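Worth saying up front: this structure is predicted, and the values here are computed from it rather than measured. Here is the naming used below: chain letters follow the sequence lines, and residue numbers restart at 1 for every chain.
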Protein chains: 2
Amino acid sequence: MKKDISTEEKILDHAGQIFKMKGFSGARMQEIADSAGINKAMLHYYFRSKKMLFDKIFENILDDFQQNIIITLNDERSWENKLTALSEKLYMFVYHNEDIPIFLFNELHMNYNFFSEQLFKFKEIKKSSFFKQFMSEMKKGNIIKTDPLQVLVHIFSGIIFPVVAKPIISSMGDLNDKQFDQFLLERKKIVPEIIIQYLKNTGV
Amino acid sequence: MKKDISTEEKILDHAGQIFKMKGFSGARMQEIADSAGINKAMLHYYFRSKKMLFDKIFENILDDFQQNIIITLNDERSWENKLTALSEKLYMFVYHNEDIPIFLFNELHMNYNFFSEQLFKFKEIKKSSFFKQFMSEMKKGNIIKTDPLQVLVHIFSGIIFPVVAKPIISSMGDLNDKQFDQFLLERKKIVPEIIIQYLKNTGV
DNA sequence: GTCTATAAAGCGATAGAC
DNA sequence: GTCTATCGCTTTATAGAC
């Protein structure tokens with residue numbers, strides 16, 4: 001493995017951690033250099049500017065997030081199992097990347113127009129096999145008439161939002177970190193249950 | 001009305017808008033001064049430092065948000081009507097304050113420990129009459145066994161998250177701003193329906 | 001490729017006149 | 001209370017030696 005690749009990746013890794021924690025405007029090039037154990041000048045040597053370093057990292061994170069979703073919605077399962085799998089997938093994602101959702105949404109919010117190109121890849125979701133399955137089942141009358149996007153957003157909301165709003169929810173329920181984890185674990189289970197039951201319109 | 005009060009309020013107003021858009025570290029005192037049509041020195045005259053100005057604004061926004069919730073959960077209604085009213089209330093809040101949720105969550109996330117005192121007021125929610133009603137109905141067997149906090153988080157998630165993730169959701173569904181508003185309006189209706197039906201465990 | 005030193009601009013905060 | 005001018009520090013970015 002070449003030495004320059006190693007340094008470049010080391011920078012991306014450490015810069016990623018700091019951007020995720022402090023956002024673009026809160027992060028400092030000096031802090032990134034210190035964290036990576038190199039010099040400030042190296043950051044500019046490899047990525048020219050703070051903004052270009054940030055953009056590369058942001059794009060990777062956004063891609064990773066989108067890929068996680070699209071793969072789940074396109075594999076070989078029934079629509080119900082996809083919703084359950086999506087809940088599981090998102091749970092694992094936010095559990096291991098607690099600070100990514102708020103980071104993504106915040107940076108997108110502060111620079112709505114700038115990232116519009118990068119957001120195009122999320123349009124693939126509407127073309128996923130989940131949508132086709134869902135529409136087909138709805139036509140057959142097996143599912144209550146509902147916008148499939150509402151269903152997906154139900155899962156996204158249910159699992160991702162608690163992590164975004166963790167300080168407030170923890171305070172509401174007087175939960176310590178361990179209790180919050182338990183709370184989220186329980187959510188992972190009931191969120192798909194609730195929406196599936198609604199769609200099938202079947203009480204137990 | 002005294003002139004100094006008017007200036008102070010003008011500062012709070014304009015600083016609020018800019019902090020909400022750009023966050024603490026992204027906001028600039030010069031920009032706030034320009035927006036308010038006054039001088040940078042005035043900001044320090046009235047609020048000493050950027051941080052103290054920010055804290056005053058942040059606290060007001062957090063209080064406002066919490067009050068909106070607590071009032072709804074404590075008024076005179078059935079638990080079902082409270083969930084529907086909460087959905088309506090949150091919808092109105094985010095509709096008129098699109099950038100507040102992400103602002104709140106982001107600043108709380110970046111400064112978790114610092115705001116712990118201010119978050120104490122959210123503990124009131126657990127003591128609200130909604131919780132008492134809910135536990136009582138659950139004991140009677142009219143509601144499926146569920147953590148009432150999960151129920152509230154369901155409403156919060158369902159309504160607030162879409163605004164936080166608006167860029168991504170709009171892209172997923174290829175929605176323009178008007179279509180997104182319609183999407184959110186539909187959510188306001190179905191989110192409480194879904195959870196109430198689940199709790200009562202009654203198909204139509 | 002990697003470092004030190006420094007430029008150049010930005011920013012929060014203060015001094016002091018009015 | 002309000003302004004101009006400026007201080008002093010921080011931060012991004014570059015120059016140049018090795």
Seminar exercise, completed: Rounded to whole Å, CD1 of Ile38(B) lies from C1' of dC3(D) at a distance of 11 Å
For this session: Name the residue closer to the 5' end of DNA chain C, choosing between Tyr45(A) and Asn39(A) according to the nucleotide with the nearest heavy atom.
Result: Tyr45(A)
For this session: Provide, to the nearest angstrom, the distance between the CD atom belonging to Gln30(B) and the C1' atom belonging to dA13(C).
Result: 13 Å
Problem set entry | d(CZ, Phe47(B); P, dG12(C)) in whole Å | 16 Å
Exercise. Atom CZ of Arg48(A) and atom P of dA15(D): how far apart are they, to the nearest Å?
Worked result: 10 Å
Problem set entry | Backbone of Asn74(B) reached by a side-chain donor or acceptor of Arg77(B) within 3.5 Å | no
Exercise. Salt-bridged, Arg187(B) to Asp147(A), with N to O below 4.0 Å?
Worked result: no
Exercise. When you check the phosphate oxygens OP1 and OP2 of dT14(C), does a side-chain N or O of His44(B) lie under 4.0 Å from one of them?
Worked result: no
Problem set entry | Value in whole Å for how far the P atom of dT10(D) lies from CD of Glu31(A) | 14 Å
Exercise. When you check the phosphate oxygens OP1 and OP2 of dT2(D), does a side-chain N or O of Thr7(B) lie under 4.0 Å from one of them?
Worked result: yes
Exercise. When you measure from the side chain of Thr84(A) to the backbone N and O of Glu80(A), does any donor-acceptor pair fall under 3.5 Å?
Worked result: yes
Exercise. If only side-chain N and O atoms of Tyr46(B) are considered, is one of them under 4.0 Å from the OP1 or OP2 phosphate oxygen of dT2(D)?
Worked result: yes
Problem set entry | Lys127(A)/Glu124(A) salt bridge by N-O under 4.0 Å criterion | no
Exercise. Which residue, Val151(B), Val191(B), Ile69(B), forms the side-chain contact (heavy atoms from CB on, under 4.5 Å) with Phe156(B)?
Worked result: Ile69(B)
Exercise. What is the distance, rounded to the nearest whole Å, between atom CE of Met42(B) and atom C1' of dA15(C)?
Worked result: 15 Å
For this session: Starting at atom CD of Glu8(A), determine the distance to atom P of dG1(C), rounded to an integer number of angstrom.
Result: 9 Å
Output one line per pair: protein atom, nucleotide atom from nucleotides 9-11 of chain C, and distance, for all N/O pairs under 3.5 Å.
{"residue": "dC11(C)", "atom": "OP1", "partner": "Arg28(B)", "partner atom": "NE", "Å": "2.6"}

Exercise. Please give, in whole Å, the distance from dT12(D) C1' to Phe54(A) CZ?
Worked result: 16 Å
Exercise. How about Phe105(B) and Phe161(A): are their ring centres within less than 6.0 Å of each other?
Worked result: yes
Exercise. Quick check: does any side chain N or O of Ser116(B) sit under 3.5 Å from a backbone N or O of Asn113(B), one acting as donor and the other as acceptor?
Worked result: yes
